Structure formats: structure tokens, C-alpha cells
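To keep things clear, I will list the structure first and then write my remarks on it.
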Amino acid sequence: MGSPDVNGPPPKLEGKYAAMVVCWLLGNGCLFSWNSMLTIEDYYADLFPRYHPARVLTLMYQPFALGTIIILSYHEAKMNTRKRNLFGYVLFFITSLLVLVLDLATSGRGGLGTFIGICAISAAFGIADAHVQGGMVGDLSFMSGELIQSFLAGLAASGALTSALRLITKAAFENSHNGLRKGALLFFAISSFFELLCVILYAFAFPKLPIVKYYRSKAASEGSKTVSADLAAGGIQTLPEADEEEQRDLERLGNKQLLLQNIDYALDMFLIYALTLSIFPGFLFEDTGSHSLGTWYALVLIAMYNVSDLIGRYIPLVKFLKLENRRGLMVVILSRFLLVPAFYFTAKYGDQGWMIMLTSFLGLSNGYLTVCVLTSAPKGYKGPEQNALGNLLVVFLLVGIFAGVTLDWLWLIGKGW
């Protein structure tokens, strides 16, 4: 099969809605396993009460995610995107199964050895996330804006779905023997199945969608070398090598140039996630006091954050509500830091209603601003540059997350730990 015409828009954007659904599911798969681990923190807190699992597991995940994404972004221009993304989804599937195997092998007993095993799995989740999130955001950055928005919405939906499942399993098993453990095992059984579904979707369904083939062919015509394996999987012959004059026309900006031109967007991503992760999930699990909701309180807060984050990612679809002004984005992102004293005083003096409202706003603003930045930044660049910029922005997102989970420990000052 030959290459499609890349000089005009794809006819009727064939396969657009199917691609949006697949992107949403792939976004879900990117964080489903990790969100499952976060959402059963009440089980791990019961199993490992001395080790602060809500904070330690996140702190194990992030250095591996960050180190991996930096290496992958540096070599992005020469990487096989298909192998990169498939490796990530397969690793998610294997490590989700390992959580089940470890728990069954130890019969649900705690202890340092089991906790070290869980920490190792958390680190593997970080490596898988760096492969998939950077690879998919880079890949979708040169496609339609609706596709990257669907993928980002899927990332948030994984949190909302895992929170809903956790509330259901807690209610179902609350009064049964080993109820927390049964809920956790069910969680990772579902997670393993879902990750396997993502492997199949990315390997066989996604590359064959007409709109995806069109944008990948367009990127290849602009000099991208990362899409050749995906084009072959979609039944499209790789474009012939360009001559010297065409090669000069296809020369792309280097990573350093792209970063300097988009340093404000990079800082935006860093600041969004540094603030969010300094509060979520550690502070919400351990530092919000006791309230009438009892053991349900932290779960309700996590669920409200996840649902609000998902809603926030759909708001930019309404054109007049989407913030694209670069200075405006920076002002709004900096103003979010007022949430730090707001959470502190609400935890100390406020009731649960105010805390739920603040948590919802944290999630809503996180999702909204993420989509605004990641859909605005790639505009005006060629396909290979958009791919590289998408990877760079994910690097700063993960740097922000790492900074956030580190700063999260500051809430423990004065608590005798």
C-alpha cells in the first residue's frame, strides 16, 4: 500500500472518533496500574504502618520515571516510537501481574521484604510511564488536537475509574474477613487485564486508523524518522530518502532551541505538577485529620480530585474557555500556589466540606491547565519538532512531579517523624 496524500487534510478525518476512543483508552492504560497502587494506599497503610507507603511509593516511582524520560528525550529523534510504547505497555502488564503474585506468595503479610518488593514494582511503573507517556504525547503532538486531548483525558480518567472501583470494593468487602486485601487483589486483576488490552490496541488497532496513518505519513514527509515502524504496521511504505536540497528543507530545530523558545511552557508544566504533587496524594492521606467520614474520608478526597481532574481536561474543548495566552497561563499557574496556605489552614481549622471543595479545585485546575499547555505549545512547528517538544514538556512534567513528592515531606515537619 502506498503513502496517502499528505498535502491536504485527511478526507473527512476518517477514523477520528475511533482514534479518540483508542487514545482515551491508551491514556487510561498509561496510569491505570499506578493509580491502582495509589488508590489502595489504605491497604498498604494497614500492611506497612511504619513505612509511610503513601509517600515512599511515590518517591520510588518518580526518580526512575524522570531518569528514563530524560534519556529517552535526549535520543528521541532516533528512537523507534512503536517499540518504545509497546515496551512501556508490556512492562505495565507484567508489573501489574507481579503485584498480584507478590501478595499471593506472601499471603498478604507485611514486613520489610514485601515492602521492598512493592517499592521495586513502583520503580518499574515509573520506567513504563516514561516510555509510554513521553512516547504517546510526542506522537500525538503532531496529530489533531482532539487526539492529544483524549489521551490526556484518559490519563485523568484512570484516576477517576480507580477511585470509583475502590469505593465500590471497599463497600463490598468492608465487613468481610480480609476485606482490604480482597479489594486490592481485585484491583490489580482488573489492572492487569486492562494493560493487556492496551498492548493489543496499540499493536494492532491504533496504527491502522486512517487519520493516524495520515498524520504519521505527514510527519515522515517532514523528516521524522521515529514513525517508520508504525507506518509499516499500518501497511504504508516508508517514504524514499530525500535528496540533499530536500534534507536542508527538512532540518529541524534542536532540543536546545526548542526548549529556549518554549521555556515558559516548560516552566508551566513544572509548576503545575510541583504544586499538585506536594498536596496529592500524601497530604490528603495522612494530614487531613479525623472527620465524620472516618476511613472513607481520604478515599473520598482522592476520588473528588480524580473526578475534577477529568472534568478539567474536557473544559478546553469549549473554545472560548480555553486559555492559550502564554502570559495568562503563567499568571494562573503561579496563583495556584495560594492553595498551599489554603490547604494548611483548612486541615487545621476547617471542616471536611471545605477540604473536599479545595481538593476538587486542585484537580480541576490541574487537568484544565495541563491540556491548555500541551495543546498550545506544539502549534506552528513541523512534525519532528512537535514530537521532540512533546517529549521535552513531559520531562518537565515529571521533574515537577518529583519536586512535588519531595516537597510533600515538608508537611511532616513538627509531627515527630
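Because the structure is a prediction, the values reported are computed rather than measured.
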Please report the interatomic distance [atom1]([X]) to [atom2]([Y]), rounded to the nearest 0.5 Å.
X	Y	atom1	atom2	result
Phe194	Leu201	CZ	CG	8.0 Å
Asn28	Ser158	CG	OG	5.5 Å
Cys23	Ile148	SG	CD1	9.0 Å
Met20	Ile211	CE	CD1	9.0 Å
Cys198	Phe93	SG	CZ	11.5 Å
Leu147	Phe142	CG	CZ	10.5 Å

Would you please say whether a donor-acceptor pair under 3.5 Å links the side chains of [X] and [Y]?
X	Y	result
Lys348	Tyr344	yes
Thr226	Arg82	no
Asn387	Tyr381	no
Tyr43	Asp103	yes

Would you check if the side chain of [X] reaches a backbone N or O of [Y] as a donor-acceptor pair within less than 3.5 Å?
X	Y	value
Gln386	Pro378	yes
Asn262	Tyr265	no
Ser278	Asp408	no
Asp351	Trp354	yes
Thr106	Leu102	yes
Thr346	Phe343	no
Tyr44	Pro49	no

Go through it in stages, so that I can follow the logic: the residues are Ile279 and Leu275, the test is side-chain contact (heavy atoms from CB on, under 4.5 Å), and I'd like the CA-CA distance, side-chain angles, deciding distance and then a yes or no. CA-CA 7 Å; Ile279 297 168; Leu275 174 73; 4.3 Å; yes
- Item | Glu195 versus Gly29, closest heavy-atom pair with distance |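 The pair with the smallest heavy-atom distance is OE2-O, 2.8 Å.
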- What do the steps show when you test Arg313 against Leu155 for side-chain contact (heavy atoms from CB on, under 4.5 Å), and what is the final call? CA-CA 10 Å; Arg313 293 179 190 229; Leu155 291 177; 4.0 Å; yes
Exercise. Could I get the full list of salt bridge (Lys or Arg N to Asp or Glu O under 4.0 Å) partners for Glu385, not counting sequence neighbours?
Key: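 Salt bridge (Lys or Arg N to Asp or Glu O under 4.0 Å) list for Glu385, sorted by chain: empty.
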(Q) What verdict does the side chain to side chain donor-acceptor pair (under 3.5 Å) test give for Arg336 and Thr276, after you've listed the backbone C-alpha separation in whole Å, the side-chain angles of each residue and the deciding distance to 0.1 Å? (A) CA-CA 9 Å; Arg336 285 179 86 232; Thr276 299; 3.0 Å; yes
Are side-chain heavy atoms of [X] and [Y] found at a separation under 4.5 Å?
X	Y	result
Gln261	Leu253	yes
Leu47	Phe115	no
Met37	Ile118	yes
Ser33	Thr95	no
Ile236	Ser217	yes
Tyr202	Val22	no
Leu362	Leu358	no
Trp34	Ser122	yes

| request: Among residues two or more places apart or on two chains, list those pairs meeting salt bridge (Lys or Arg N to Asp or Glu O under 4.0 Å) that have a residue in residues 136-158. | output: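 Salt bridge (Lys or Arg N to Asp or Glu O under 4.0 Å) check on residues 136-158 returns Lys16-Glu146, Asp139-Arg216.
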For the residue pair Phe188 and Phe125, does the interplanar ring angle fall in the parallel (under 30°), tilted (30 to 60°) or perpendicular (over 60°) class?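 Geometry flag for Phe125 against Phe188: parallel rings.
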- Just say parallel, tilted or perpendicular for the rings of Tyr51 and Phe48, cut-offs at 30° and 60°.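 Plane angle between 30° and 60°, so tilted.
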Next item on the list: Any chance you could lay out the side-chain contact (heavy atoms from CB on, under 4.5 Å) test for Ile356 and Val300, step after step, and finish with the verdict?
Entry: CA-CA 8 Å; Ile356 290 169; Val300 169; 4.2 Å; yes
Taking the six-membered ring for Trp, is the centroid-to-centroid distance between Phe280 and Tyr305 below 6.0 Å?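 Distance test on ring centres: under 6.0 Å, yes.
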Checklist entry - Considering the options Glu324, Lys322, Gln149, which one meets the side-chain hydrogen bond (donor to acceptor under 3.5 Å, both in side chains) requirement together with Thr375? => result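 It is Lys322; the other options fail the test.
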- [ ] Count the heavy atoms belonging to other residues, nucleotides or ligands that lie under 6.0 Å from NZ of Lys78, then report whether that count exceeds 12.
- [x]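 Counting neighbours around NZ of Lys78, 12 or fewer heavy atoms of other residues, nucleotides or ligands fall under 6.0 Å, so no.
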Could you go through residues 59-75 and list every donor-acceptor pair under 3.5 Å that involves a side-chain atom there, pairing it with any protein atom two or more places apart or in another chain?
| from | atom 1 | to | atom 2 | distance (Å) |
| --- | --- | --- | --- | --- |
| Tyr61 | OH | Asp129 | OD2 | 2.7 |
| Thr68 | OG1 | Phe64 | O | 2.7 |
| Ser73 | OG | Ile69 | O | 2.8 |

Item to check | Full working for side-chain contact (heavy atoms from CB on, under 4.5 Å) between Val137 and Asn391 | outcome: CA-CA 7 Å; Val137 169; Asn391 274 272; over 6 Å; no
